[in-house]
Amino acid sequence: MPELPEVETMRRGILHLVGSRIADAEFPRGPKRPISTTPAPARIAATIRGGQLTAVERYGKRLALEIELPAGQRWLVIEPRMTGLMLVTPPPTVDHARLVMRLQRAGKRSPQPLVFWDQRGLGTVRLVNAGGLDRACGPSVLGPDGLVVTGDDLQRSLADSRRAIKVALLDQHAVAGIGNIYAAEILHRVGIDPRTVCRRLPRRVWEQLARVTRTLLTEAVRLEGSSIGDELYQTPTSRLGQFQRRHRVYGRAGKPCRTCETPIRRIIQAQRSTFFCPQCQSLSARVGT
DNA sequence: CGTTCAACCTGGGCGC
DNA sequence: TGCGCCCAGGTTGAAC
């Protein structure tokens with residue numbers, strides 16, 4: 001679920017907690033298996049208790065909560081993966097709350113809850129130092145952020161690739177933050193067939209791709225992300241995202257293209273669904289003649 | 001280099 | 001009702 005716009009929405013929704021003290025932290029143990037953490041859950045909880053939240057950063061689809069501890073700065077790196085959410089309001093279910101913190105703001109009476117909730121439990125939580133942050137979110141792992149990626153960035157990393165463009169856009173080393181929804185939407189807006197091999201794309205499209213990536217992700221952030229299907233995704237204050245209203249291809253197999261009425265096709269690439277319009281994203285549309 | 005598959009999990013939807 | 005199957009916003013590692 002959470003791609004760049006959803007994770008950015010999470011970041012913005014908890015920014016007001018910066019400056020708070022972590023009055024308590026726990027990984028509730030329920031019947032379900034625990035999520036993956038490093039170090040062990042109890043160790044993380046014990047370490048961050050009493051620390052101060054000093055910043056909330058986003059790296060691609062990852063969130064990094066900067067915490068000031070007696071031992072120095074540490075970061076709680078949270079990867080929501082498929083169904084993870086950061087919430088300051090009551091979560092959809094009690095049993096899928098994976099990390100529950102209570103944050104005490106100066107001058108406030110009672111602590112505010114901050115919950116990492118994750119239905120499927122594929123998300124991860126890591127407590128790292130500066131070196132660990134670099135290993136988890138640094139440039140060796142994540143390429144330029146999708147909100148600021150340039151045509152030169154894309155051309156450098158992808159122009160010689162033999163992969164299909166859709167698959168390449170999901171590569172977080174190339175550009176950080178694009179997932180299955182936004183890859184499909186970006187390619188429809190640029191008019192590129194998702195199966196096109198990167199090295200066959202004309203030079204000028206890298207600039208277009210980067211521009212559309214920036215503007216589309218920016219617009220999706222403004223609309224607080226995409227809530228689709230079972231509407232599992234919600235903002236930290238339990239609002240639904242609104243960008244799904246702007247989707248032109250994702251999840252619309254068989255339905256008419258919003259531009260040309262041609263039925264949207266669904267194919268599988270790298271074991272994942274790809275949605276596209278065979279008319280708007282045809283070779284001829286791409287080459288421009 | 002690139003692709004494919006399995007794995008990690010829960011839960012909704014569908015056909016029978 | 002129940003069962004089996006397919007599907008889902010992501011990432012990683014092994015095999016080929």
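By convention in this document, chain letters (A, B, ...) are assigned in the order of the sequence lines, proteins followed by strands, and residues within each chain are numbered from 1.
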> Which comes earlier along DNA chain B counting from the 5' end, the contact point of A:H96 or that of A:L122, where each point is its nearest nucleotide?
Replying inline: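 Taking each residue's closest nucleotide, the earlier one in sequence belongs to A:L122.
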Tell me, do [X] and [Y] make a side-chain contact under 4.5 Å, heavy atoms counted?
{"X": "A:C280", "Y": "A:T262", "value": "no"}
{"X": "A:V115", "Y": "A:M101", "value": "no"}
{"X": "A:T274", "Y": "A:I268", "value": "no"}
{"X": "A:L147", "Y": "A:R214", "value": "no"}

> So does A:S273 get a side-chain nitrogen or oxygen closer than 4.0 Å to the phosphate oxygens (OP1/OP2) of C:dA8?
Replying inline: yes
> According to a strict under-4.0 Å criterion, is A:R81 in side-chain N/O contact with OP1 or OP2 of C:dA8?
Replying inline: no
Atom [atom1] of [X] to atom [atom2] of [N]: distance rounded to whole Å?
{"X": "A:Y250", "N": "C:dC7", "atom1": "OH", "atom2": "C1'", "value": "10 Å"}
{"X": "A:D230", "N": "B:dT10", "atom1": "CG", "atom2": "C1'", "value": "11 Å"}
{"X": "A:I228", "N": "C:dA8", "atom1": "CD1", "atom2": "C1'", "value": "8 Å"}
{"X": "A:I178", "N": "C:dG9", "atom1": "CD1", "atom2": "P", "value": "15 Å"}
{"X": "A:E231", "N": "C:dA8", "atom1": "CD", "atom2": "C1'", "value": "14 Å"}
{"X": "A:L232", "N": "B:dG12", "atom1": "CG", "atom2": "P", "value": "9 Å"}
{"X": "A:D95", "N": "B:dC9", "atom1": "CG", "atom2": "C1'", "value": "14 Å"}
{"X": "A:M82", "N": "B:dC8", "atom1": "CE", "atom2": "C1'", "value": "11 Å"}

> According to a 3.5 Å limit on both distances, what stems of 3 or more consecutive Watson-Crick or G-U pairs are formed with DNA chain B?
Replying inline: B:2-8 with C:10-16, B:10-16 with C:2-8
> Which of these passes side-chain contact (heavy atoms from CB on, under 4.5 Å) with A:L4: A:T9, A:T213, A:D145?
Replying inline: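 It is A:D145; the other options fail the test.
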Atom pairs, N/O to N/O, protein against nucleotides 2-5 of chain B, distance under 3.5 Å?
unit_1: B:dG2; atom_1: OP1; unit_2: A:R162; atom_2: N; d: 2.9

Check whether [X] reaches the backbone of [Y] with its side chain - one donor and one acceptor, N or O, closer than 3.5 Å.
{"X": "A:D153", "Y": "A:T150", "result": "yes"}
{"X": "A:W117", "Y": "A:T93", "result": "yes"}
{"X": "A:Q112", "Y": "A:S110", "result": "yes"}

> When rounded to the nearest Å, what value does the distance between P atoms of B:dA6 and C:dC6 take?
Replying inline: 12 Å
> Considering only the P atoms, how many Å lie between C:dC5 and B:dA7, rounded to the nearest integer?
Replying inline: 15 Å
> Charged N to carboxylate O below 4.0 Å: is that the case for A:R81 and A:D118?
Replying inline: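 The answer is no: the pair does not qualify as a salt bridge.
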> Between A:E68 and A:T54, do the side chains contain an N or O donor and an N or O acceptor separated by less than 3.5 Å?
Replying inline: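 No donor-acceptor contact under 3.5 Å links the two side chains.
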> Which of these nucleotides, C:dT11, C:dG9, B:dT10, is closest to any side-chain atom of A:Q119?
Replying inline: B:dT10
> Can you tell which of C:dC7, C:dG9, C:dG10 lies closest to the side chain of A:R266?
Replying inline: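 Side chain of A:R266 sits closest to C:dC7.
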> A:G179 near the nucleic acid: base, sugar-phosphate alone, or nothing, with a heavy-atom cut-off under 4.0 Å?
Replying inline: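 Sugar-phosphate, no base atom in range.
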> Does the C:dA8 base have a donor-acceptor partner in the side chain of A:R120 within less than 3.5 Å?
Replying inline: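 Answer is yes: a donor-acceptor pair is held.
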